[in-house]
Amino acid sequence: MIDILKRRFGLLGKNISYSFSKGYFTEKFNNEYFKGCSYENFDIPQINFLTALIKDNPDLKGLNVTIPYKEQVLPFLDKLSKKATLIGAVNTIRFTKKGKLKGYNTDYYGFKKSLKPLLKAHHKKALILGTGGASKGVAFALDELGIPYTFVSREAKENIIDYTLINATTFDNYQIIINSTPVGTSPNIEACPDIPYEFFTKKHIAYDLIYNPEETTFLRKAKENGAVIKNGYDMLIFQAEKAWKIWNK
């Protein structure tokens with residue numbers, strides 16, 4: 001049995017009172033087996049507050065990392081896993097026995113595991129809305145699944161198209177549309193990415209990394225046109241359990 005007495009974990013982010021992780025791990029730690037474990041939110045206004053946070057909490061064993069720090073946290077870490085290095089974003093930090101901080105990415109794992117059961121032969125290409133830290137894990141998972149993808153952002157750059165270029169032909173060519181932006185998250189639940197939803201069909205998958213609300217406006221509009229829809233809840237469960245395994249290495 002692992003020695004798990006008095007072990008503290010938490011979530012690093014900004015404006016994270018809504019967070020899934022705290023509720024999930026608090027419920028998990030209510031089990032007698034995890035007595036002594038606790039989980040809390042560390043809501044910091046800027047990433048450079050992390051140094052003081054770690055100094056003031058020497059008994060921390062692990063952190064999850066959320067928006068907007070998945071990329072900004074990298075310079076504060078002593079080491080990265082191979083996959084986190086390739087992805088360029090971190091959502092899990094393990095405090096090693098030597099007191100070092102090692103970064104991992106479990107987002108890609110959660111996304112891949114939750115998307116895979118939905119895939120059919122005609123799902124050949126994916127459109128990723130957004131280019132932030134979360135999108136990097138999505139792209140890595142798609143690479144592993146052998147699915148080519150294109151990023152969409154407000155500004156066109158190399159390998160990135162802007163929203164104004166999305167039309168009927170785009171929907172013909174891309175059968176998986178993934179929202180990796182925070183647009184539509186509670187409380188701004190009426191908001192949604194600016195795309196022509198009328199071109200969704202029953203051959204499309206609409207995947208939203210958001211889990212609150214359960215059905216975002218993005219998903220609702222896609223569903224109204226026949227698309228298979230999926231929110232980010234299962235992805236979060238899978239990535240959280242992967243993080244727990246990493247913390248217990």
Side-chain angles (χ1 to χ4, degrees), residues 20 67-68 70 87-89 107-239:
F20 159 88
I67 293 171
K70 292 183 182 188
I87 293 167
D107 276 340
Y108 91 90
Y109 169 83
F111 174 76
K112 181 182 174 183
K113 193 170 178 180
S114 60
L115 176 68
K116 209 170 177 180
L118 305 178
L119 294 175
K120 294 194 164 67
H122 63 267
H123 295 128
K124 305 224 178 264
K125 291 173 76 178
L127 210 57
I128 305 173
L129 310 181
T131 55
S135 74
K136 293 189 170 185
V138 167
F140 189 83
L142 292 171
D143 279 332
E144 289 201 336
L145 290 165
I147 298 172
Y149 54 84
T150 297
F151 287 104
V152 184
S153 189
R154 286 187 294 267
E155 277 184 54
K157 296 176 187 171
E158 191 178 353
N159 300 322
I160 302 171
I161 65 170
D162 70 60
Y163 284 91
T164 61
L165 293 176
I166 300 175
N167 55 27
T169 304
T170 315
F171 275 79
D172 284 342
N173 292 330
Y174 295 88
Q175 303 80 26
I176 309 166
I177 316 293
I178 302 150
N179 179 31
S180 77
T181 78
V183 177
T185 308
S186 181
N188 302 313
I189 61 171
E190 298 303 317
C192 61
D194 187 13
I195 60 172
Y197 291 88
E198 65 270 23
F199 298 128
F200 272 105
T201 70
K202 64 182 181 182
K203 290 190 173 182
H204 287 90
I205 295 171
Y207 191 117
D208 202 328
L209 269 59
I210 295 167
Y211 63 94
N212 181 20
E214 188 176 328
E215 185 175 292
T216 58
T217 302
F218 167 78
L219 292 181
R220 178 178 56 78
K221 287 186 168 188
K223 185 174 78 172
E224 284 170 359
N225 287 284
V228 173
I229 64 169
K230 181 77 175 172
N231 68 21
Y233 186 77
D234 285 345
M235 173 183 169
L236 281 166
I237 297 283
F238 294 142
Q239 68 83 16

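Model, not experiment: these values are computed from the prediction.
Using a 4.5 Å heavy-atom threshold, the side chains of Ile205 and Leu119 count as touching. In this structure, Tyr207 and Phe111 have side chains that are in contact, with non-hydrogen atoms separated by less than 4.5 Å. Between Asp143 and Tyr149 the shortest side-chain heavy-atom distance falls below 4.5 Å. Side-chain contact check for Leu142 versus Leu115: some heavy-atom pair is nearer than 4.5 Å. Side-chain contact between Gln175 and His123: present, with at least one pair of heavy atoms (C-beta onward) separated by less than 4.5 Å. Contact check for Phe171 versus Ile195: side-chain heavy atoms found under the 4.5 Å cut-off. Contact annotation: the side chain of Val152 approaches that of Ile166 to within less than 4.5 Å [non-hydrogen atoms, C-beta and beyond]. When side chains are defined from C-beta on, Asn179 counts as touching Ile210, because their heavy atoms get closer than 4.5 Å.
The two residues Tyr211 and Leu236 come nearest to each other via the heavy atoms CD2-CD1, 2.9 Å. The shortest non-hydrogen separation linking Ile147 to Lys124 is CG2-O, 3.6 Å. Met235 and Asp107 make their closest contact through CE-O, 3.5 Å (heavy atoms, listed as atom of the first residue, atom of the second, distance). Annotation for Gly133 and Ala89: closest pair O-CB, 3.7 Å, computed over non-hydrogen atoms. When every heavy atom of Tyr197 is checked against every heavy atom of Asn225, the shortest pair comes out as O-ND2, 3.1 Å. Of all the heavy atoms in Tyr163 and Pro193, the pair that sits closest is CE2-CB, 4.4 Å.
Within 6.0 Å of OH on Tyr233 lie no more than 12 heavy atoms contributed by other residues, nucleotides or ligands. Taking a 6.0 Å sphere around CD of Glu215, one finds it holds more than 12 heavy atoms contributed by other residues, nucleotides or ligands. Lys125 NZ: more than 12 foreign heavy atoms inside a 6.0 Å radius.
With values rounded to the nearest 0.5 angstrom, Leu145 atom CG is found 8.5 Å from Ile176 atom CD1. Taken to the nearest 0.5 Å, the CD1 atom of Ile160 stands 9.0 Å off from the CD atom of Glu158. Distance check, rounded to the nearest 0.5 Å: CG of Asn231 to OG1 of Thr216 gives 8.0 Å. Atom OH of residue Tyr174 and atom CD1 of residue Ile161 lie 6.0 Å apart, to the nearest 0.5 angstrom. Here Asp208 contributes atom CG and Phe218 contributes atom CZ; the two are 5.5 Å apart, rounded to the nearest 0.5 Å. Distance check, rounded to the nearest 0.5 Å: OG1 of Thr131 to CZ of Arg154 gives 8.0 Å.
A donor atom on one side chain and an acceptor atom on the other are not found under 3.5 Å apart for Thr169 and Asp172.
A donor-acceptor pair is defined here as one N or O able to donate and one able to accept, closer than 3.5 Å; such a pair exists between the side chain of Ser180 and the backbone of Leu129. Looking at His204, its side chain never comes within 3.5 Å of a backbone N or O of Ile229 through a donor-acceptor pair.
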